[in-house]
Each structure stands twice: as structure tokens, then as C-alpha cells.
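Proteins come first, then strands; the chains are lettered A, B, ... in the order of their sequence lines, and each starts at number 1.
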2 protein chains.
Amino acid sequence: MLDTFEGYLRRKGLRMTPQRELIARTFFGNKGHVSAEEIYKQVQKQAPRIGFATTYRTMKLLSEAGVASLRSFGDGFSRYEPALRTDHHDHLICTQCGHIIEFEDDRIESLQKTVARKHGFRVTDHKLELYGICSKCRTRKR
Amino acid sequence: MLDTFEGYLRRKGLRMTPQRELIARTFFGNKGHVSAEEIYKQVQKQAPRIGFATTYRTMKLLSEAGVASLRSFGDGFSRYEPALRTDHHDHLICTQCGHIIEFEDDRIESLQKTVARKHGFRVTDHKLELYGICSKCRTRKR
DNA sequence: CAGTCTAATGAAAATGATTCTCAATGTCAA
DNA sequence: TTGACATTGAGAATCATTTTCATTAGACTG
Ligand SMILES: [Mn+2]
Ligand SMILES: [Mn+2]
Ligand SMILES: [Zn+2]
Ligand SMILES: [Zn+2]
């Protein structure tokens with residue numbers, strides 16, 4: 001993962017700096033769906049000198065390198081999750097507690113392609129988000 | 001549609017003002033997927049005194065009243081479309097020309113419910129967007 | 001009709017996430 | 001060593017949207 005990032009940087013004539021490495025390591029230490037600001041705060045604890053501009057820049061680099069996937073849920077933040085390269089998944093989001101469940105459904109995926117083809121589209125990407133209340137929040141309620 | 005809006009306002013102890021009526025009429029005169037700024041510009045031509053704050057405020061009211069649906073596609077704008085109340089649909093978006101096709105697929109919808117149930121979720125809302133290249137843009141390319 | 005109360009308006013300032021600018025610093029190759 | 005760039009961090013800038021606030025308009029009361 002880090003190697004992939006380093007390879008991308010080299011290929012682009014960019015350098016793997018201490019700042020970039022720490023930001024990348026911090027990012028990979030998270031489960032996913034992290035905002036640049038969250039990464040920034042975590043990084044701050046280990047290296048208070050690192051600025052948020054560098055954090056934002058590095059998150060973008062990670063995304064360009066293909067090791068981070070950019071997600072935009074409804075809140076005003078851009079979020080990133082480690083891209084395991086092979087796995088695609090969609091999200092079930094609890095609007096009460098924010099808990100996110102990842103899922104993948106091949107039948108939905110293939111129906112999407114069917115629908116797109118029917119309209120003459122070649123799909124390059126898609127976003128499927130289901131919003132609702134998770135079981136935990138529902139039992140807590142009643 | 002306008003009546004529904006007026007009813008909502010009355011119920012909330014708010015008034016139907018000339019500004020609100022013009023903004024609402026302008027909004028309903030569009031096909032959909034309009035940003036507040038676009039509405040503002042159209043309204044400007046008929047009533048240059050109306051400010052954008054009022055436009056933004058009214059769009060939010062229309063949304064709260066249930067006659068406008070708020071959509072957030074990837075561009076930095078909040079977009080609204082008339083809510084015909086009965087119709088749900090998803091979107092196919094051309095990343096080249098911005099053309100949007102609306103579609104509905106019952107099989108996808110029901111599979112979504114199945115997936116959610118499997119994870120103990122009660123779904124209240126969902127967002128499905130397919131991004132790709134429309135046929136027109138594809139033929140233009142090669 | 002006044003008079004009063006409150007919602008509504010519009011101009012301008014504020015917000016907040018993200019990006020940009022720029023001067024200072026680091027790295028590497030010749 | 002010396003350029004030539006890439007990198008950094010601080011702060012300014014951006015940009016859609018929201019908030020503030022002084023002023024106006026409407027509805028209601030008497
Ligand atoms: Mn995920
Ligand atoms: Mn639509
Ligand atoms: Zn929950
Ligand atoms: Zn197109």
C-alpha cells in the first residue's frame with residue numbers, strides 16, 4: 001500500500017517525504033471514511049508542525065495514486081477510505097448514529113449496468129447509499 | 001403544488017409573500033435539478049430587488065414543504081427538483097456533458113430493501129447515481 | 001383608519017471546507 | 001557548490017450557503 005504510493009510518487013517525479021509518509025501511515029491506520037481534518041488531527045499528535053495544507057495535499061495524492069477512494073456522503077466533508085484495489089462496495093448509513101455498513105450485491109450491480117445500457121450509457125462509476133436506522137438505534141428508541 | 005406550499009406556510013404561521021410566490025413559480029417552471037443560484041438569476045429578470053438570501057431561504061422552505069427535493073450531485077451545488085410526491089427516481093449522469101437521465105427500476109429498489117433488511121436496517125431514503133458517458137458524447141468522441 | 005406586533009426582506013458580513021499563494025526550506029544531480 | 005525544482009506551512013483566498021441586522025411590509029386589534 002505504502003509501496004504503491006511511493007511508486008506513484010516516483011513515477012510522477014515526486015518525493016516520499018516524512019510528512020507524506022506519516023500522513024499515509026495514519027490514513028492506513030484507520031478503518032475508512034475519514035475526513036482530511038480527522039487525519040490532520042491525528043497527525044498533529046505525532047508531528048504538530050505538519051500543516052493542514054500538507055494533509056489535504058497528501059490526501060489528494062493518495063487518491064490520485066489509487067490507494068485512497070474519495071467518498072462524498074451528505075455531510076459537508078470529503079471522506080477517504082483505503083482502496084484495497086479489488087473491492088468495490090456500497091454503503092448503508094445510519095442517520096441516527098452515523099454507523100456505516102459496507103455491502104456488495106452483485107445482482108444490484110448487474111442491474112445497474114443493464115439500466116445504463118438501456119439508456120445508451122457506458123457507466124464508469126456509481127454511487128449507492130442507503131440511509132436509514134440501524135437495528136441498535138431502533139431498539140434503543142422503543 | 002403552489003397550494004401545497006401555501007398550506008405549509010399557513011400551518012407554520014408563515015406568509016405567502018410576493019417574493020416567495022415568484023420564486024416558487026419560477027422553480028416550478030423548470031424541469032428540475034436547478035440550483036438556488038440559477039433560480040436567483042431567473043427571478044432577477046422579473047424582480048431585480050429580490051435578494052439571493054431570500055431565494056436560498058425560499059428554496060429551503062419549498063424543500064421543507066415537500067414540494068421540492070434536494071439533490072446533491074458531485075458538483076458543489078445543492079440542486080432542487082419539483083417533488084411530484086408520487087414519483088421516486090434515480091439518476092444517470094453524463095460526466096462529459098452533464099446530461100441527466102432519470103430512471104426507476106423496481107428490481108433494484110426491492111433488492112435494496114432486501115440488502116438493508118439483511119443488515120437490520122430500516123431504510124428511509126437512498127441515493128443511486130450512475131456516472132458515465134452518454135451515447136451522444138460517445139459518438140462525438142470517436 | 002391609526003397603532004402594534006411580528007414575519008420578511010435584502011445588504012453585507014460570516015461561515016466553513018477546501019484550495020491557493022508565497023516565501024522559506026529541502027533534495028538531488030551535475 | 002550551485003542551480004533547479006519540489007515541498008512545506010502560514011495565512012489569505014475561494015465559493016456556496018447561512019447568518020446578522022436594520023428596515024419594511026402585512027396582518028390584526030381596537
Ligand atoms: Mn466504505
Ligand atoms: Mn431527477
Ligand atoms: Zn444507528
Ligand atoms: Zn453526454
Residues that Glu104(A) engages under side-chain hydrogen bond (donor to acceptor under 3.5 Å, both in side chains), provided they are two or more places apart: none

Just to be sure I understand the geometry, which residues of residues 36-50 of chain A put a non-hydrogen atom under 4.0 Å away from DNA chain C? none

Does any donor atom in the side chain of Glu38(A) or His33(A) lie under 3.5 Å from an acceptor atom in the other side chain? no

Per nearest nucleotide of DNA chain C, the residue lying toward the 5' end, Ala53(A) or Leu9(B), is Leu9(B)

First and last nucleotide of DNA chain C, 5' to 3', lying under 4.0 Å from heavy atoms of chain A: dA17(C) to dT27(C)

Taking only distance into account, with no hydrogens and no angle test, what donor-acceptor pairs under 3.5 Å do side-chain atoms of residues 10-20 of chain B form with protein atoms, sequence neighbours excluded?
unit_1, atom_1, unit_2, atom_2, d
Thr17(B), OG1, Arg20(B), N, 3.1
Arg20(B), NH1, Arg15(B), O, 2.7

What is the first contacted nucleotide of DNA chain D and what is the last, in 5' to 3' order, if contact means an atom lying under 4.0 angstrom from a heavy atom of chain A? dA6(D) to dA10(D)

When clusters are formed from ILVMFWY side-chain contacts under 4.5 Å, directly or step by step, what else is grouped with Phe52(A)? Tyr40(A), Tyr56(A)

Using atom types as modelled and distance alone, determine if a side-chain donor or acceptor of Arg138(B) lies under 3.5 Å from a backbone N or O of Ile133(B). yes

If hydrophobic clusters are built by linking Ile, Leu, Val, Met, Phe, Trp and Tyr wherever their side-chain heavy atoms come under 4.5 Å apart, do Tyr131(A) and Val123(B) end up in the same one? no

Answer with base, sugar-phosphate or nothing: what part of the nucleic acid does Lys12(A) contact at a heavy-atom distance below 4.0 Å? nothing

With sequence neighbours excluded, what pairs up with Asn30(B) under the side chain to side chain contact (heavy atoms under 4.5 Å, CB included) test? Thr26(B), Val34(B), Ile39(B), Gln42(B)

Could you identify which residues of residues 68-79 of chain B place a heavy atom less than 4.0 Å from some atom of DNA chain D, listed by residue number, or say none? Gly76(B), Phe77(B), Ser78(B)

Quick one, Glu102(B) and His91(B) - any side-chain contact, counting heavy atoms below 4.5 Å? yes

With Gln112(B) via side chain to side chain contact (heavy atoms under 4.5 Å, CB included) - residues at least two apart: Ile108(A), Leu128(A), Leu130(A), Ile108(B), Glu109(B), His126(B), Leu128(B)

Side chains of residues 64-77 of chain B: which donor-acceptor partners sit under 3.5 Å, not counting sequence neighbours?
unit_1, atom_1, unit_2, atom_2, d
Glu64(B), OE1, Tyr8(B), OH, 3.0
Arg71(B), NE, Glu81(B), OE2, 2.5
Arg71(B), NH2, Glu81(B), OE2, 3.0
Asp75(B), OD2, Arg79(B), NE, 3.1
Asp75(B), OD2, Arg79(B), NH2, 3.1

Are Ile93(B) and Ile101(B) connected into the same hydrophobic cluster when the rule is that any two of I, L, V, M, F, W, Y join if their side-chain heavy atoms are below 4.5 Å apart? no

Within residues 13-20 of chain B, those residues having any heavy atom closer than 4.0 Å to DNA chain C are Leu14(B), Arg15(B), Thr17(B), Gln19(B), Arg20(B)

Can you tell me if NZ on Lys127(B) sees more than 12 non-hydrogen neighbours from other groups inside 6.0 Å? yes

Measure from the side-chain N and O atoms of Arg117(A) to the backbone N and O of Arg122(A), and report whether any donor-acceptor pair falls under 3.5 Å. no

With a 4.5 Å heavy-atom cut-off, do Phe121(A) and Ser135(B) have their side chains touching? no

Sorted by chain and residue number, the ring pair (Phe, Tyr, Trp, His ring centres under 6.0 Å) partners of Phe103(A) (sequence neighbours excluded) come out as none

